[in-house]
Amino acid sequence: MKNFKRNGFVLILLVLLLSACSSGAINTTTSKEKTKEKTDDNSPIKIGALLPSTGVYASLGENLLNGMNLYFEEQNWEVAGKKIEIIHEDTEADPQVALRKLRKLTDQDKIDILTGPVSTAVAYAIRDEVDSKKLPFLDSHAGGNDLTRSKRSDYIWRSSFSSWQIGHSMGEWAYKNVGKKIYVTAADYAFGHEVAEAFKEAYTKAGGQIAGEVYPPLGNNDYSSYLGKMNKEGIDGIYAFYAGSDAVRFVQQYDQYGLKEKIPLIGSGWLTAEDVRPQQANSPDGIKASIFWDYSLDTKENQTFIKAYEKKYNKRASIESAEGYDAAMILAEAINKLKGDVSDPDKLIEAMSSVEINSPRGPIKFDKDTHNVIQNLYIVETGIVNGKTENKVIDTIPQVVDPGK
Amino acid sequence: MKKGPIKGTLLFLLMVLVPFFLSIYYVNILSEILILGVFAVSLNILVGQTGMVSLGHAAFFGAGAYATGLAAIKFSTNIFVTLGIGLLFAFLLALIIGLLSTKAHGFYFLMLTLACSQIFYSLVYQWTTVTGGSNGLSGIAPLDVFGDIRLSNQVFVYYFILVVMAILLFLLSRFLHSPLGSVFIGIKENEERMKSIGYNTALYKNISFLISGTMGGLAGGLYVIFNGFISPTDVYWTASGSVLIMVLIGGVGTLWGPVIGAAFIVILETIVSSYTENWMMIIGTAFILFVIFAPNGIVGIFNRAKRIVVKQQKIEHKEPNIIPIKQQTKMDG
Amino acid sequence: MKKENILSLKGLSKHFGGIKVIEDVTLEVTAGERVGLIGPNGAGKSTLFNMIAGDLEPSGGSISYFADMINRWPNYKRTEQGIVRTFQKNNLMLGLTVKENLLLVLQRIDKKHTQWWKTANKKNYPSLYEKVEKLLYEWGLQEYSQTKVQDLSYGVQRQIEIIMAIAGNPKLLLLDEPTAGMSQLETDQIISLINKLPSEVTIMMIEHDIEVLFGNMDRVIVLHAGTLIADGSPEEVRVNPDVKEIYMGKEEAANA
Amino acid sequence: MSALLLQMMNGLSYGMLLFIITCGITIVFGILGVLNLAHGSLYVLGSYVGYSLIIKAGLPFWVALMAVPLLIAIIGLVLEVVILRPTYKLGHLSQVLLTFGLAYIFHDVFSMMWGKNILVVNPPDVLNMSVEIAGNAIPAYRLALIVIGIVIAIFLWYTQEKTKWGAVIRAGLSDKEMVGGLGVNIHFVFTCVFFLGSLMAGLGGVLGSPVLGVYPGMEFQILILSLVVLVVGGLGSVTGTFIASLLVGFVETFSRFFLPELSLIITFALMALVLVIRPQGLTGRRVV
């Protein structure tokens, strides 16, 4: 007990002493000014890229980063006379790790702008931290609806898409062009459900009927029994949301179990995306999907982009590369508007939100109410060209706006 | 004579002073290490103390975290109420899983805990309306401690966690060296014999499981207070695996080992992954080196070094110390 | 004054699959008796002990301890009530010290084992620690008090095996080959210590060394192929023709 | 009715696939008592090498089917001799940590050499079609898997039950010291068993990739799947693994069909149930 008292006394003494002359966390949290002064000199603008390079979304993270690097390289890593520096941290698609890395980016590297992530769970996890630190954050992939709805923040803007945009855009089109009765299937996670809901909403509103729905777990390896469920008489099509390895297996097994000849398959663009089609062989032939960018999009911006990308990385651009490229372009525009002074997060947000560009995916701008991107969605059909599958844009749904609630 | 408590107090004081010297970034990392330290210490009660290797401990972390988070959103903003709800929930889960799994031994116990925690994971993952499903539970605001004092600042959170950790380690070190603590060690060493000298080992194993699970829930609750967020990733079996690795690398059956193991993994992962994306390879290599060269973990290395330095010093009082896990854990039954 | 039965077995049997290891064994032991148990390898001696101690469930028959039917009692409960055993192969907490092994036994006897708030040391539990030290002194093992059991020789481990049982306040002590693998000197030591046990302690002892058994026991039981073939004073058993033929004969042939 | 028949076929082919994937880990764990957490990595390595041989080098599927398992088996052999052998005396926990470390290293090696995208091998042309059975199309490759699974099962069963080597292995299962006493070099037996286990992992890798594909992190999924089958089947028994694979295959397939939302839980619930009721697995011996 005596010991304890003595220790307590020493403790109080030390705390008093040190608080008088310290430079640790307690001080820096109360006076944030130090970080703001540096932008006058020639120090670079630091962009934090919170992207996975390991874990399930590793390849998406890699492509996003490639897209960003490509754009800034085209600008010689200089915008408005300021050097641009990308600081990449691996989220492992794990929210817990992502938060730790975000703190590193803000507290250690003192980044000016944040971009990323792939996983919606990560975006939601870092949302409060970003908001309270007033860190301008351009979401370049994660598509969870709530980020631009109930979880909206003044400092968070999204240049990629909302899951609603993906699903909803195809609803009316499917009713008109595919049929009146459709079976819905999606991977059983929040994104899958959100896309499926948006599709159902638009499709039933147009007059269509949902024949049934099934949600296999994410990362499922055998779809045979689900395909058995979907194989119903009298339906006009199947709407599917799958991505990555799920998309490869689903589309292949859909073909192998003989559904391809019977029931048309439609879905989101990830079903037949650039990075999965080579693995699907000829199975995706005839699938129609909605997406906001496609390799085959015949615009000047896109053609320049895909050529430059192929030249630098020796592989075809994917939709994530385009997202990364766009995000970089938006950031550069905003920095230009501010003439390189990014010290005030509110001004930076203001500048960013008014950016309007013609990106590889077409004209895009921000919705000032929801902070979500307004963009075209394209209906693409997969066909076979020279023995390989290629997508072709067959329709455009212009300027899709997320309702924000 | 009694060096332990003094050393502990000094370390505590040092930790109290840390925010005055280090930037907020390091304070946050320390908070995280402390939380994962609590988590690892809780698992160590099972693995190191009672000799039951569990691969489903993340379920309790998740139970505590989700219950605390939901309580914070729905019922109360008081930290003790919400943490209490988290603890209660983790306790109940530990009661159920414990009754099911403590009958099994070795490898089968490991697989049963794994199965139970995966079932819990699936529930969390699919019960979207309550838990937020794959997107996780977010938007948990800072909580009140007493009256108007709110844990709005990361440094306050750090102090709160530090105090909890200190109390916990104090209680635990009392507990581990107590007669009841020695019963647990006895069970790890030789459960059959413990029965034969009159101990109802099933009961003690359940008690151990309950303490361990509830403490794991506490770690989860602290985690939610710290991050304001919890997602199914933290309940998945890989989370159980990584906390098991923290315990093994730190030093099984020691008081400080798991905390040191947690620090080792967090620091390695944070620092290495900033330089190379191949951090898994480096951690993997570290595991292998540990297995071959330091089977008793980091604490084992310290002890060996200490023994070499003070070789001549006679170690006179030797309290019943905690023995590193018997390497021949009965994994095959 | 007729002494009451401490243990009675009625029609006890144990089958593993189709093999009958113990078949219809009935016997009674009165309190304070010293009973030796002999029989060739595989006669079922250890199996019988396992059933009495609760480590094996009988296939049929009943076990009574004083007035209680204890068939369904778990082993720890039997130990709590005074049926304490040793094992044929040393079965100790190898990673713990000798002192810690004994403390585990004694703290339960003293009902201190559920206390978690006080450090287990001599200051907090003086009587407990004194008892341990006294035991070690009696057996001349003070020097090993802080040694881990795994670092001790087999003989010393064997002694600790027995001390742990004796320290457990037995009413019925089951000794499974206490002198197996020990030198003549060690054997003598152990037997003399067993003989010093208070006379109210009932002892059942499996032993291969016939001389040891006949010299120290009140009564000898012979098991063969799972059945009881002789039961009586050492002298009676020694001259029993069945025993001679089945057991001693073989033994002598083996020794020759 | 035909829907149910189709599900039966699906369950059967999925179960056989599980058997092909998991028999390797069963052999190694059941006989050596080494819980090889890197088994999933050996499987994935098999898939990747198979991909390189078939798609990149343009070799026929059958060639890869012969060459890859051998290569994986040799890699397994090297791992056993160099890394695992010194740890037999250290105990199970050390082996778990060590093989888990190996899995981590493999993970990064894979992403360095084969990238982070999913890769798929097409089934050989002969089998790249669907067969009509009772009005339902079933991929021919799946049917082939059923046949291959049965062949492997018979081969393993025969080896374990009817040959001298099988006898030694079965003896090793019950008493390792005794095998040493028989004058058989126990180290050599261990190495052979590990070789065989790795061979099976490689075979599974090649055969599984047309259905499952291969991608980073897959090894951990395969590992969990293997552990489930291992536990349900009981240790070290080919018959047990065979039955367990089919059981898990059927249970998963039918739960997906009837209760798709609960399919994730049901597999683990099955495992927990088996463990609570029969802790030694369906056919395993009771090891205390």
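Numbered from 1 within each chain, the chains take letters A, B, ... in sequence-line order.
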For the rings on B/Tyr121 and B/Tyr236, is their centre-to-centre separation under 6.0 Å? yes

Among A/Leu51, A/Leu64, A/Thr120, which residue meets the side chain to side chain contact (heavy atoms under 4.5 Å, CB included) test with A/His141? A/Leu64

Name the region of [X], side chain, backbone, both or neither, that has any atom closer than 4.5 Å to a heavy atom of chain A.
{"X": "B/Phe226", "answer": "both"}
{"X": "B/Ser231", "answer": "side chain"}
{"X": "B/Leu137", "answer": "neither"}
{"X": "B/Ser134", "answer": "both"}
{"X": "B/Ile271", "answer": "neither"}

Assess the side chains of A/Gln96 and B/Asn227: does a donor N or O sit below 3.5 Å from an acceptor N or O? no

Hey, which of [options] has the most heavy atom pairs under 4.5 Å with chain B?
{"options": "A/Asp188, A/Ile126, A/Ile87, A/Thr106", "value": "A/Asp188"}
{"options": "A/Pro217, A/Ala125, A/Ala190", "value": "A/Ala125"}
{"options": "A/Asp146, A/Asp128, A/Leu99", "value": "A/Leu99"}

Identify which part of [X] has an atom lying under 4.5 Å from any heavy atom of chain B, answering side chain, backbone, both or neither.
{"X": "A/Val97", "value": "side chain"}
{"X": "A/Arg127", "value": "neither"}
{"X": "A/Ser53", "value": "both"}

As an exercise, state the distance from OG of B/Ser122 to CH2 of B/Trp127, rounded to the nearest 0.5 Å. 14.0 Å

One should read off an interatomic distance between B/Tyr158 OH and B/Leu34 CG, to the nearest 0.5 angstrom, of 6.0 Å

I'd like to know if A/Asp107 pairs up with A/Lys133 as an ion pair, taking the criterion as any Lys NZ or Arg NE/NH1/NH2 lying under 4.0 Å from an Asp or Glu carboxylate oxygen. yes

From the list A/Asn372, A/Thr370, A/Asp402, side chain to side chain donor-acceptor pair (under 3.5 Å) partner of A/Arg149 resolves to A/Asp402

Counting only heavy atoms not in A/Tyr313, do more than 12 sit closer than 6.0 Å to its OH atom? yes

